[in-house]
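Only one structure is covered here, and it is reproduced in the block below.
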Amino acid sequence: MGKNKKWILLAIAVLSVIAFVMAVNIRFPVRHLDIIRAHAGELDPALILAVIMAESSFRQNAESPAGAQGLMQLMPATAEEIAQHMGLEDFQPEDVWLPEINIAMGSFYLNRLKNIFGGNLDLALAAYNAGQGNVNSWLANPEFSGDGKTLDTIPFMETHNYLRRVRFNRRVYEILLRFHPSRRA
């Protein structure tokens, strides 16, 4: 009986690990990785996956109440501006729904924000969520920034929570990408 009990416990442990891995992969899908890698620029693909997860949960047709669209939730005016910066002469507003275009534009925009904010990823992510103007005004306000270069406090709870979600998602995706089949290719 003792030997059978060990095998049963081992089988339960193995099945539990498999179930956990499956649950994580369902909760944190790895989709569009080739597109993400092609357009990541200076950004880590795990970060872009984390942003997509926080923005749309990988729902290609997601639209926010404010009107942000697609996987990386781009506002139409922002998408138009990004298209100009990227030199996309044939860009049409409905192109934002295509994963390759949305990810290319969202990644370009996040890279641009990171450069604008001197490489500070937290500021870039805050600007991606709340707008560059808001972040600039927070940096200029001693109530939110003691040095004018970093934020001590984020006055928008939504943006504060957004940064926490993206950071958490990024840690999960860093682990998932270590074991992703594309690493072995």
Side-chain angles (χ1 to χ4, degrees), residues 21-64 66-133 135 158-159 161-185:
V21 169
M22 289 174 66
V24 169
N25 282 310
I26 289 169
R27 174 66 180 97
F28 294 94
V30 177
R31 297 186 189 136
H32 310 293
L33 192 54
D34 290 341
I35 297 170
I36 290 167
R37 285 183 172 148
H39 298 287
E42 298 176 10
L43 301 174
D44 172 19
L47 174 66
I48 297 170
L49 287 163
V51 169
I52 293 171
M53 186 66 201
E55 291 287 350
S56 68
S57 297
F58 286 88
R59 289 172 300 139
Q60 181 177 332
N61 297 323
E63 186 165 6
S64 76
Q69 301 170 332
L71 290 168
M72 294 190 76
Q73 290 291 278
L74 300 171
M75 293 297 288
T78 303
E80 289 286 343
E81 180 184 335
I82 295 167
Q84 289 177 357
H85 285 287
M86 292 177 71
L88 301 177
E89 295 173 10
D90 297 333
F91 177 76
Q92 298 297 314
E94 61 272 10
D95 292 346
V96 79
W97 300 107
L98 302 171
E100 176 136 13
I101 304 256
N102 192 282
I103 291 169
M105 295 178 89
S107 298
F108 178 89
Y109 184 48
L110 192 51
N111 270 294
R112 189 165 181 265
L113 289 169
K114 184 180 172 196
N115 290 331
I116 287 169
F117 289 106
N120 186 315
L121 194 53
D122 282 347
L123 293 178
L125 288 166
Y128 194 92
N129 179 262
Q132 186 178 340
V135 172
E158 176 189 336
T159 302
N161 290 337
Y162 174 80
L163 258 65
R164 289 181 56 202
R165 259 190 338 273
V166 170
R167 286 183 198 128
F168 176 80
N169 292 349
R170 184 180 187 185
R171 286 191 296 272
V172 171
Y173 278 114
E174 286 170 343
I175 293 166
L176 290 176
L177 289 180
R178 279 190 219 142
F179 301 102
H180 195 268
S182 68
R183 278 188 59 101
R184 294 180 214 113

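Count residues from 1 along the sequence.
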*asked:* Surrounding CD of Glu89 (heavy atoms of other residues, nucleotides or ligands, distance under 6.0 Å), is the total greater than 12?
replied: no
*Do Asp95 and Leu88 have side chains that get closer than 4.5 Å, going by heavy atoms?*
no
*Spell out, as yes or no, whether a donor-acceptor pair under 3.5 Å connects the side chain of Ser64 to the backbone of Ala66.*
yes
*With distance as the sole test, does Asn102 use its side chain to make a donor-acceptor pair with the main-chain N or O of Trp97 at under 3.5 Å?*
no
*asked:* For Ile103, is there any backbone N or O sitting under 3.5 Å from a side-chain donor or acceptor partner on Ser107?
replied: yes
*Are any of the side-chain heavy atoms of Phe108 and Leu43 separated by less than 4.5 Å?*
no
*Determine the minimum heavy-atom distance between Val96 and Ala79, stating which atoms define it.*
CG2-CB, 4.3 Å
*Check: Phe58 and Leu49 side chains under 4.5 Å, non-hydrogen atoms*: yes
*Taking all non-hydrogen atoms of both residues into account, name the closest pair between Ala130 and Thr159 and its distance.*
CB-OG1, 3.3 Å
_In the structure I gave you, are the side-chain heavy atoms of Arg31 and Gln60 within less than 4.5 Å of one another anywhere?_
no
_Regarding Tyr128 and Gln73, do their side chains bring together a donor and an acceptor under 3.5 Å, going by distance alone?_
no
*May I ask you to test the Leu125-Leu110 pair for a side-chain heavy-atom distance under 4.5 Å?*
yes
*Pro45 to Leu33 - nearest heavy-atom pair and separation*: CB-CD1, 4.4 Å
_Separation of Arg165 CZ from Asn129 CG (nearest 0.5 Å)_ = 7.5 Å
*asked:* As an exercise, state the distance from CZ of Phe28 to CZ of Arg171, rounded to the nearest 0.5 Å.
replied: 10.5 Å
*Of all heavy-atom pairs between Ala83 and Met105, which one has the smallest distance, and what is that distance?*
N-CE, 3.6 Å
*Do Gln84 and Phe91 have side-chain heavy atoms sitting under 4.5 Å apart?*
no
*Enter the distance from Leu47:CG to Ile36:CD1 here, rounded to the nearest 0.5 Å.*
10.0 Å
*Beyond-backbone contact of Met53 with Val172, side-chain heavy atoms, under 4.5 angstrom*: no
_So for atom CG, which belongs to Asn115, do other residues, nucleotides or ligands contribute more than 12 heavy atoms lying within a distance under 6.0 Å?_
yes
*Would you name the heavy atoms of Met75 and Gly67 that are closest together and state the gap between them?*
SD-C, 3.8 Å
*Atom CD1 of Ile82 and atom NE2 of His85: how far apart are they, to the nearest 0.5 Å?*
8.5 Å
*Is there a donor-acceptor pair closer than 3.5 Å between any side-chain N or O of Asn111 and the backbone N or O of Ala40?*
yes
*Give, for atom CE of Met72 and atom CD1 of Ile48, the distance between the pair rounded to the nearest 0.5 Å.*
6.0 Å
_Tyr173 side chain vs Pro29 backbone, donor-acceptor pair below 3.5 Å_ = yes
*Where do Ile116 and Gln132 come nearest, in terms of heavy atoms and distance?*
CG2-NE2, 3.6 Å
*May I ask you to decide whether Glu174 forms a salt bridge with Arg178, counting only side-chain N to carboxylate O separations under 4.0 Å?*
no
*Between atom CG of Leu98 and atom CG of Leu71, what is the distance when rounded to the nearest 0.5 Å?*
10.0 Å
